[in-house]
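The analysis underlying the following values was restricted to heavy atoms, covering all of them including side chains, and did not include hydrogens, waters or symmetry mates.
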Amino acid sequence: MTTRTWTPPGPYDLGRTLGVLARGPGDPAFRRGPDGSVWRATRTPEGPGTLHVSEEGGSIRAEAWGPGADWLLETLPALLGAEDDPAAFTPRHRLVHEAHRRNPGLRLARTGLVLESLIPSVLEQKVTSDEAYRAWRLLLQQHGEPAPGPAPRMRVMPSARGWAMIPSWDWHKAGVDGKRSATIVRAARVAARLEEAAAMDDAQASGRLQAVPGIGPWTAAETLQRSNGSPDAVTVGDLHLPKIIGYALTGARGTDDERMLDLLTPYEGQRHRACRLILLSGVTPPRRAPRFSVNDIRAL
């Protein structure tokens with residue numbers, strides 16, 4: 001085990017900062033401790049690693065295990081949002097101002113790992129969150145490996161080659177259709193090129209990801225928000241986000257992507273942060289339509 005301590009320069013919210021990395025409440029690669037600490041199992045460029053971070057007297061203490069331990073501790077400040085600049089954000093709406101005031105410790109995490117965020121984002125394409133979370137959980141349980149150290153029953157995701165070698169019947173049993181599994185396999189085969197996107201600006205990184213068939217603007221944005229800590233990678237093509245943004249900022253229903261982007265124009269360069277704050281406000285349009293139905297392809 002190796003350790004490192006990082007002291008935030010101001011108010012800090014560990015749970016909200018790292019919470020976006022969790023893929024559902026049963027994510028085998030992410031756990032929250034009863035004391036508010038966070039466990040994270042991941043595959044670094046140096047190999048599998050487990051990270052445990054907790055708040056102690058205004059500082060963040062991290063412990064790491066496995067071949068990837070040194071890499072995890074070296075990149076710890078970036079993961080915790082040290083490269084993020086909350087001061088660059090200026091609220092332009094009363095609701096956003098209030099959400100910003102209530103969440104002074106929110107920072108945008110940067111993992112520096114593209115495939116780790118890309119694959120679960122592909123799994124979330126065109127399905128409910130519950131379906132995607134279940135697929136991620138089953139695939140890691142069957143094809144991942146035990147996390148190093150004392151991690152509580154956690155799993156490290158497969159290597160790029162491991163993802164490419166998953167047989168079709170295991171994708172099917174996890175509820176993943178052929179289109180999504182084929183996209184993941186294509187991405188895994190060019191993983192080294194995709195990982196380079198972690199060091200690119202948003203436009204270059206998004207272009208690199210979208211060069212893979214099956215990866216569009218939605219998936220690219222969801223990935224870069226986590227891998228690059230992008231404050232401006234706004235998610236377009238989402239079923240719910242435009243409606244939430246439109247309702248929160250104007251009270252109007254049925255907002256589409258074009259109108260959402262127009263509303264977010266005052267936050268150019270910080271549109272993702274604005275969306276995060278709006279979502280944290282809890283203001284959403286009243287539900288009228290039935291929930292999106294679950295399509296279980298395992299029954300086919």
Distance (rounded to the nearest 0.5 Å) between Leu80 CG and Leu14 CG: 7.0 Å
Trace of the salt bridge (Lys or Arg N to Asp or Glu O under 4.0 Å) decision for Arg259 with Asp256: CA-CA 5 Å; Arg259 177 57 176 154; Asp256 58 14; over 6 Å; no
Residues Glu195 and Arg193 bridged, charged N to O under 4.0 Å: no
Nearest atoms (heavy-atom pairs only) where Thr255 meets Ala252: OG1-O, 4.1 Å
Separation between CD of Glu83 and CG of Asn228, rounded to the nearest 0.5 Å: 10.0 Å
Shortest non-hydrogen separation from Val156 to Gly49 and the atoms involved: CG2-O, 4.4 Å
Working for salt bridge (Lys or Arg N to Asp or Glu O under 4.0 Å), residues Arg43 and Glu145: CA-CA 10 Å; Arg43 186 171 296 277; Glu145 61 183 276; 2.6 Å; yes
Residue Glu258 excluded, over 12 heavy atoms near CD under 6.0 Å: no
Donor-acceptor pair between Thr128 and Asp130 side chains, under 3.5 angstrom: no
Val236-Val122 co-clustered via ILVMFWY side chain contacts under 4.5 Å: no
Short side-chain donor-acceptor distance under 3.5 Å, Thr219 and Gln125: yes
Atom pair CG/CZ of Leu51 and Arg4 - distance to nearest 0.5 Å: 11.0 Å
His93 ring center within less than 6.0 Å of Tyr267 ring center: yes
Polar side-chain atom of Thr265 near backbone of Asp262 as donor-acceptor pair, under 3.5 Å: yes
Side-chain touch Pro286/Arg253, heavy atoms, less than 4.5 angstrom: yes
Verdict with supporting geometry, Arg273 and Asp84, salt bridge (Lys or Arg N to Asp or Glu O under 4.0 Å): CA-CA 10 Å; Arg273 192 190 309 275; Asp84 183 32; 2.5 Å; yes
Verdict with reasoning, Cys275 to Gln225, per side chain to side chain contact (heavy atoms under 4.5 Å, CB included): CA-CA 11 Å; Cys275 289; Gln225 289 163 8; over 6 Å; no
Any donor-acceptor pair under 3.5 Å from Arg155 side chain to Gln141 backbone: yes
Side chain Asp13, main chain Gly105, donor-acceptor under 3.5 Å: no
Cluster link Leu72 to Met157, ILVMFWY, side chain under 4.5 Å: no
Closest contact, heavy atoms only, Thr50 versus Ala151: CG2-CB, 3.7 Å
Pair Asn103, Arg16: side-chain N/O donor-acceptor within cut-off below 3.5 Å: yes
Polar contact flag, side-chain donor to acceptor under 3.5 angstrom, Glu116-Thr42: yes
Within-4.5 Å side-chain heavy-atom neighbours: Pro152 and Trp39: yes
Closest non-hydrogen atom pair, Ala135 against Ala174: CB-O, 3.4 Å
From CA spacing to verdict: side chain to side chain donor-acceptor pair (under 3.5 Å), Asp170, Gln142: CA-CA 9 Å; Asp170 281 350; Gln142 185 163 3; 3.2 Å; yes
Pro266 vs Arg271 side-chain heavy atoms within contact, under 4.5 Å: no
Polar side chain donor-acceptor pair, Ser206 to Gln210, under 3.5 angstrom: yes
Cluster link Val53 to Leu108, ILVMFWY, side chain under 4.5 Å: no
Residue pair Leu79 / Leu18: nearest heavy atoms and the distance that separates them: O-CD2, 3.7 Å
Ile245 CD1 to Thr250 OG1 distance, which is reported to the nearest 0.5 Å: 10.5 Å
For residues 159-166, dump all side-chain donor-acceptor pairs below 3.5 Å to protein atoms at least two apart in sequence or in another chain.
residue: Ser159; atom: OG; partner: Gly162; partner atom: N; Å: 3.0
residue: Trp163; atom: NE1; partner: Pro158; partner atom: O; Å: 3.2

Result of checking Thr223, Leu241, Thr235 against Trp218 for side chain to side chain contact (heavy atoms under 4.5 Å, CB included): Thr235
Cluster link Trp6 to Trp65, ILVMFWY, side chain under 4.5 Å: no
Donor on one side chain, acceptor on other, Ser230 and His272, under 3.5 Å: no
Worked verdict on Leu263 versus Met260 for side chain to side chain contact (heavy atoms under 4.5 Å, CB included): CA-CA 5 Å; Leu263 289 171; Met260 176 183 72; 5.6 Å; no
From CG (Leu113) to CG (Leu118), nearest 0.5 Å: 12.0 Å
Working for side chain to side chain contact (heavy atoms under 4.5 Å, CB included), residues Val38 and His52: CA-CA 6 Å; Val38 170; His52 178 241; over 6 Å; no
Nearest-0.5 Å distance, CG of residue Leu95 to NE2 of residue His100: 13.0 Å
Shortest non-hydrogen separation from Pro28 to Leu140 and the atoms involved: CG-CB, 4.1 Å
Side chain to side chain contact (heavy atoms under 4.5 Å, CB included) assessment of Leu224 paired with Leu209: CA-CA 9 Å; Leu224 297 179; Leu209 298 184; 4.0 Å; yes
Any donor-acceptor N or O pair under 3.5 Å, side chains Ser59, Thr7: yes
ILVMFWY cluster, Tyr133 and Leu139 together (side-chain gap under 4.5 Å): no
Side-chain (Arg61) to main-chain (Glu55) donor-acceptor, under 3.5 angstrom: no
Expected output: side-chain Arg107 to main-chain Gly81 donor-acceptor under 3.5 Å: yes
Lys/Arg N to Asp/Glu carboxylate O, Arg102 vs Glu98, below 4.0 Å: yes
Ring center gap for Trp136 and Phe30 short of 6.0 angstrom: no
Backbone of Leu123 reached by a side-chain donor or acceptor of Arg180 within 3.5 Å: yes
